[in-house]
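Scroll down for the structure; my scribbles are underneath it.
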Amino acid sequence: MNRAMAPEGAAGVATAVAESVQYQGRKASRQGSEQRRQEILDAAMRIVVRDGVRAVRHRAVAAEAGVPLSATTYYFKDIDDLLTDTFAQYVERSAAFMAKLWTNNEGLLREMVAYGDGSAAARSQLADDIARMTAEYVQHQLQSRRDYLMAEQAFRQEALLNPRLAELVRSHQQILLHGTCQFFQVLGSREPQQDAKVLTAIIGRMEYQGLLNGAEPVADEDMLGILTRYMHLVLASV
C-alpha cells in the first residue's frame, strides 16, 4: 500500500476509486435520460449473471431492459463500450459498498485490538475473533451478493482479452487490497502489504469455491479453519 494514502483510511481509498471510474458510452444530459441509461446497464448486468458476458448483445439488452433497440445503440456505439460501462458501474457501486463497510468496521477493529493486553493469549483470542469476522464477511458475500460475485468472475475472465476491462478489474482489486492492508496495519502487522495480498487471495478463492459449491456447512467449517490458521500465523509475529 502506498503510505501516502494511509491517512485517508480504507474508506477514503474506496471512495477515490469510485470517483475515478470513467464511463465510455454517451453521457446522459437529463434525469430521465440517465435513468434509462442505468436501466440498460442493469439489464446488461443481469444478462452477464444469467448467461455470461458473451450473451450481451444490443438486441438482448434492449429486450431485457424493455427499451427500444435504438436506445442501447444511442448510448453505446458497440458492445465493448456497453460491457465496459456495465463493469464500471459495478466497480463504482462496489467501491461505495466497501467504503461503507470499512467505515463501519474500522472503529470496531481498533477497539478489539485496544481491549487486549498484548499477551499471547490475547493475540490468540484476537486471531479467533478476526477469523470469525472474516468468515462471516465471505458468507455474507455468498448469500447476499451472489449475483455480484458471479458478475465479477465473468468480467475477470473477459478482462484477460479486453484491456479496458482489465484496467477496471485492477481498480476493483485495489479497493479490497488497500482496505485489507489498513486492516493489517491496525493489527500491527510487520508486513501489511504482503499479509493483505495473501488474505485477499484466500478470500477470492473462497468466494469462487463458494459459487461452485453452493451453501455447504462443511465448506463453512473449512473456511473458518483456514482463516483461523492464517490469522494465528500473522498475529504470532506481531
Step by step, work out the side-chain contact (heavy atoms from CB on, under 4.5 Å) result for His178 and Met98. CA-CA 11 Å; His178 281 302; Met98 292 305 297; over 6 Å; no
Working to the nearest 0.5 Å, report the span between [atom1] of [X] and [atom2] of [Y].
{"X": "Gln174", "Y": "Cys181", "atom1": "CD", "atom2": "SG", "value": "10.0 Å"}
{"X": "Arg170", "Y": "Leu165", "atom1": "CZ", "atom2": "CG", "value": "10.5 Å"}
{"X": "Glu167", "Y": "Phe87", "atom1": "CD", "atom2": "CZ", "value": "11.5 Å"}
{"X": "Thr134", "Y": "Ile202", "atom1": "OG1", "atom2": "CD1", "value": "9.5 Å"}
{"X": "Leu168", "Y": "Glu92", "atom1": "CG", "atom2": "CD", "value": "10.5 Å"}
{"X": "Met206", "Y": "Gln139", "atom1": "CE", "atom2": "CD", "value": "10.0 Å"}

Give the minimum heavy-atom separation between [X] and [Y], together with the two atoms involved.
{"X": "Leu82", "Y": "Thr86", "value": "O-OG1, 2.7 Å"}
{"X": "Met223", "Y": "Ala135", "value": "SD-O, 3.8 Å"}
{"X": "Leu83", "Y": "Phe155", "value": "O-CE2, 3.7 Å"}
{"X": "Val48", "Y": "Ala151", "value": "CG1-CA, 4.2 Å"}
{"X": "Ile175", "Y": "Trp102", "value": "O-NE1, 4.3 Å"}
{"X": "Asp80", "Y": "Asn162", "value": "OD1-ND2, 2.6 Å"}

Establish, for the pair Arg145 and Tyr148, whether the NZ or CZ atom is under 6.0 angstrom from the six-membered ring centre and no further than 45 degrees off its axis. yes
Could you go through the side-chain contact (heavy atoms from CB on, under 4.5 Å) check for Asp81 and Tyr75 one step at a time? CA-CA 9 Å; Asp81 275 359; Tyr75 290 109; over 6 Å; no
Less than 4.5 Å apart, any side-chain heavy atom of [X] and any of [Y]?
{"X": "Glu207", "Y": "Leu211", "result": "no"}
{"X": "Leu126", "Y": "Tyr115", "result": "no"}
{"X": "Met231", "Y": "Leu187", "result": "yes"}

Does [Y] offer a backbone N or O that forms a donor-acceptor pair with the side chain of [X] under 3.5 Å?
{"X": "Ser119", "Y": "Ala122", "answer": "yes"}
{"X": "Thr72", "Y": "Pro68", "answer": "no"}
{"X": "Arg164", "Y": "Thr84", "answer": "no"}
{"X": "Arg146", "Y": "Gln141", "answer": "no"}
{"X": "Ser124", "Y": "Ala120", "answer": "no"}

If the threshold is 4.0 Å, N to carboxylate O, is there a salt bridge linking Glu64 and Arg50? yes
Check Arg190 with Asp195, please: is the shortest side-chain N to carboxylate O separation under 4.0 Å? no
Does the side chain of [X] come under 3.5 Å of the side chain of [Y] through a donor N or O and an acceptor N or O?
{"X": "Glu152", "Y": "Tyr90", "value": "yes"}
{"X": "Thr73", "Y": "His58", "value": "no"}
{"X": "His232", "Y": "Asp128", "value": "yes"}
{"X": "Glu34", "Y": "Gln38", "value": "yes"}
{"X": "Asp129", "Y": "Gln125", "value": "yes"}

Check step by step if side-chain contact (heavy atoms from CB on, under 4.5 Å) holds for Gln173 and Thr200. CA-CA 9 Å; Gln173 290 173 332; Thr200 53; over 6 Å; no
Please say yes or no: joined through hydrophobic side-chain contacts below 4.5 Å, possibly via intermediate residues, are [X] and [Y] part of one cluster?
{"X": "Leu212", "Y": "Leu149", "answer": "no"}
{"X": "Val234", "Y": "Leu224", "answer": "no"}
{"X": "Leu108", "Y": "Val138", "answer": "yes"}

Counting only heavy atoms not in [X] (residues, nucleotides, ligands), do more than 12 fall under 6.0 Å from its [atom1]?
{"X": "Gln157", "atom1": "CD", "result": "no"}
{"X": "Met112", "atom1": "CE", "result": "yes"}
{"X": "Arg57", "atom1": "CZ", "result": "yes"}

Run the side-chain contact (heavy atoms from CB on, under 4.5 Å) check on Ile130 and Leu109 step by step: do they pass? CA-CA 9 Å; Ile130 296 298; Leu109 179 61; 3.3 Å; yes
For Asn105, which residues count as a side-chain hydrogen bond (donor to acceptor under 3.5 Å, both in side chains) partner, sequence neighbours excluded? none
Is the Phe184 ring parallel, tilted or perpendicular to the Tyr230 ring (thresholds 30°, 60°)? perpendicular
Walk me through whether Asp85 and Arg37 qualify under salt bridge (Lys or Arg N to Asp or Glu O under 4.0 Å). CA-CA 10 Å; Asp85 280 11; Arg37 183 175 175 278; 3.2 Å; yes
